[in-house]
Amino acid sequence: MTTIVGLSGSLRRGSLNSSLLRAAVQAAPAGIEIDVATIKGIPLYDGDVEAEGIPHVVEKLKDRIAAADGLLLVTPEYNNSVPGVFKNAIDWLSRPDTDIPRVFGGRRVAVMGASPGRFGTLLSQTAWLPVLKTLGTQPWFGGRLQVSGALDVFDQGGNLVDARVRQQLAKFMAGFAAFCGK
């Protein structure tokens, strides 16, 4: 079985990106397990805290990612870039830097996102690329999923109701799953 850790870059209960991640779980092809993890509870990065020891919540998430075949980042877009809380989580996951090869090195990664705006997280997804390169990941470029106008794509309960996006998501997940299974 291929395992992919899925992370939403939003802490908000009604997050469009958390809804997209839940929809990705449903769209995953047979034989693919999406392990939905959270960045909730990860403190702001502080070198003094790191010197006292990596927080337990960070260590647990690092272990989950290291054991997985792939990592799916579901990113919002804040002020034309990555959300600070999501970047903070990735920064913590890269500490200490000697752990980068175990957690990220060669890890197959895909990025997707949803936004109420017209560009569907294009700038945020692009902003992640230098970070993913620095961490030594293998980004998947076989497909893009930038859900624009996302307020109309999900219902009030966070369920994906747009057939076109559902089809795009299924294709995206099938492509990324195949990439992770190599």
Please determine whether side chain to side chain contact (heavy atoms under 4.5 Å, CB included) holds for the pair Arg102 and Asp99, giving the CA-CA distance in whole Å, both sets of side-chain angles, and the decisive distance to 0.1 Å. CA-CA 5 Å; Arg102 178 179 79 88; Asp99 230 10; 3.1 Å; yes
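- A pairwise comparison of heavy atoms in Leu21 and Ser8 identifies CD2-N, 3.8 Å as the closest pair.
- Taken from CH2 in Trp92 to NZ in Lys87, the straight-line distance is 13.5 Å, to the nearest 0.5 Å.
- Applying the salt bridge (Lys or Arg N to Asp or Glu O under 4.0 Å) rule to Asp152 yields no partners; only residues at least two apart in sequence or on another chain are considered.
- Val25 is connected to Phe176 through a chain of hydrophobic side-chain contacts under 4.5 Å among Ile, Leu, Val, Met, Phe, Trp and Tyr, so both are in one cluster.
- Distance OG/Ser18 to CZ/Arg13: 11.5 Å, rounded to 0.5 Å.
- In the hydrophobic clustering of ILVMFWY residues, with side-chain heavy atoms under 4.5 Å counting as a link, Val74 and Leu71 come out apart.
- Ring geometry for Trp140 against Phe172 counts as perpendicular: the plane angle is over 60°, on a 0 to 90° scale with 30° as the lower cut.
- Judged by distance alone, with hydrogens and angles left aside, the side-chain atoms of Asn17 form a donor-acceptor pair with the main-chain N or O of Ala114 at under 3.5 Å.
- Between Phe86 and Trp128, the ring-plane angle classifies as perpendicular under the 30° and 60° cut-offs.
- Nearest heavy-atom pair across Ile42 and Ala89 is CD1-CB, 3.8 Å.
- Shown are Val147, Val153, Leu169; of these, the side-chain contact (heavy atoms from CB on, under 4.5 Å) with Asp162 is made only by Val153.
- What you find for Phe179 and Pro139 is that their closest heavy atoms are CZ-O, 4.0 Å.
- A donor-acceptor pair under 3.5 Å links the side-chain atoms of Gln125 to the main chain of Leu145, judged by distance alone.
- Of the possible donor and acceptor atoms, one in the side chain of Asn88 sits under 3.5 Å from a partner among the backbone N and O of Pro43.
- Listed for the Ser15 side chain is no donor-acceptor partner under 3.5 Å among the backbone atoms of Leu11.
- Residues Arg64 and Val36 share a closest heavy-atom pair of NH2-O, 3.1 Å.
- The nearest pair of heavy atoms linking Ala24 to Met173 is CB-SD, 3.8 Å.
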Kindly indicate, with the supporting measurements, whether the criterion side chain to side chain contact (heavy atoms under 4.5 Å, CB included) is fulfilled by Gln168 and Val165. CA-CA 5 Å; Gln168 291 171 338; Val165 173; 4.1 Å; yes
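- No donor-acceptor pair closer than 3.5 Å links the side chain of Thr75 to the backbone N or O of Ser124.
- A 4.5 Å side-chain heavy-atom check between Leu122 and Arg144 finds at least one atom pair inside the cut-off.
- Between Leu7 and Thr38, the closest side-chain pair of non-hydrogen atoms is not below 4.5 Å.
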List the atom pairs, with distances to 0.1 Å, where a side-chain N or O of residues 44-51 and a protein N or O form a donor-acceptor pair under 3.5 Å, not counting sequence neighbours.
{"residue": "Tyr45", "atom": "OH", "partner": "Glu50", "partner atom": "OE1", "Å": "2.3"}
{"residue": "Asp46", "atom": "OD1", "partner": "Asp48", "partner atom": "N", "Å": "2.7"}
{"residue": "Glu50", "atom": "OE1", "partner": "Arg95", "partner atom": "NE", "Å": "3.1"}
{"residue": "Glu50", "atom": "OE2", "partner": "Arg95", "partner atom": "NE", "Å": "3.3"}
{"residue": "Glu50", "atom": "OE2", "partner": "Arg95", "partner atom": "NH2", "Å": "3.3"}

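- Separation of atoms CG (Leu73) and OG1 (Thr137) is listed at 8.5 Å; rounding is to 0.5 Å.
- Cluster partners of Phe141, using a side-chain heavy-atom cutoff of under 4.5 Å among ILVMFWY residues and allowing indirect links, are Leu129.
- Between the CZ atom of Arg108 and the SG atom of Cys180 there is a distance of 7.0 Å, given to the nearest 0.5 Å.
- Between Pro76 and Ser10, the shortest heavy-atom distance links the atoms CG-CB, 3.9 Å.
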Apply side chain to side chain contact (heavy atoms under 4.5 Å, CB included) to residues Leu93 and Ile65 and explain how you reach the verdict. CA-CA 9 Å; Leu93 293 168; Ile65 294 169; 3.8 Å; yes
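- If you chain together hydrophobic residues whose side chains sit under 4.5 Å apart, Val82 and Leu16 never meet in one group.
- Distance alone, capped at 3.5 Å, is enough to place a donor-acceptor pair between the Glu77 side chain and the Leu123 backbone.
- If you chain together hydrophobic residues whose side chains sit under 4.5 Å apart, Val109 and Leu72 never meet in one group.
- Val103 and Val5 fall within the same hydrophobic cluster, defined by Ile, Leu, Val, Met, Phe, Trp and Tyr side-chain heavy atoms under 4.5 Å apart, directly or through other members.
- For Ser19 (side chain) and Asn159 (main-chain N/O), no donor-acceptor pair under 3.5 Å exists by modelled atom type.
- Taking CD from Glu59 and CD1 from Ile54, the interatomic distance works out to 6.0 Å, rounded to the nearest 0.5 Å.
- At least one donor-acceptor pair under 3.5 Å links the side chain of Arg166 to the backbone N or O of Leu160.
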May I have the step-by-step check of side chain to side chain contact (heavy atoms under 4.5 Å, CB included) for Val131 and Thr134, ending in yes or no? CA-CA 5 Å; Val131 175; Thr134 297; 5.8 Å; no
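- A donor-acceptor pair under 3.5 Å is absent between the side-chain atoms of Arg107 and the main chain of Leu135, judged by distance alone.
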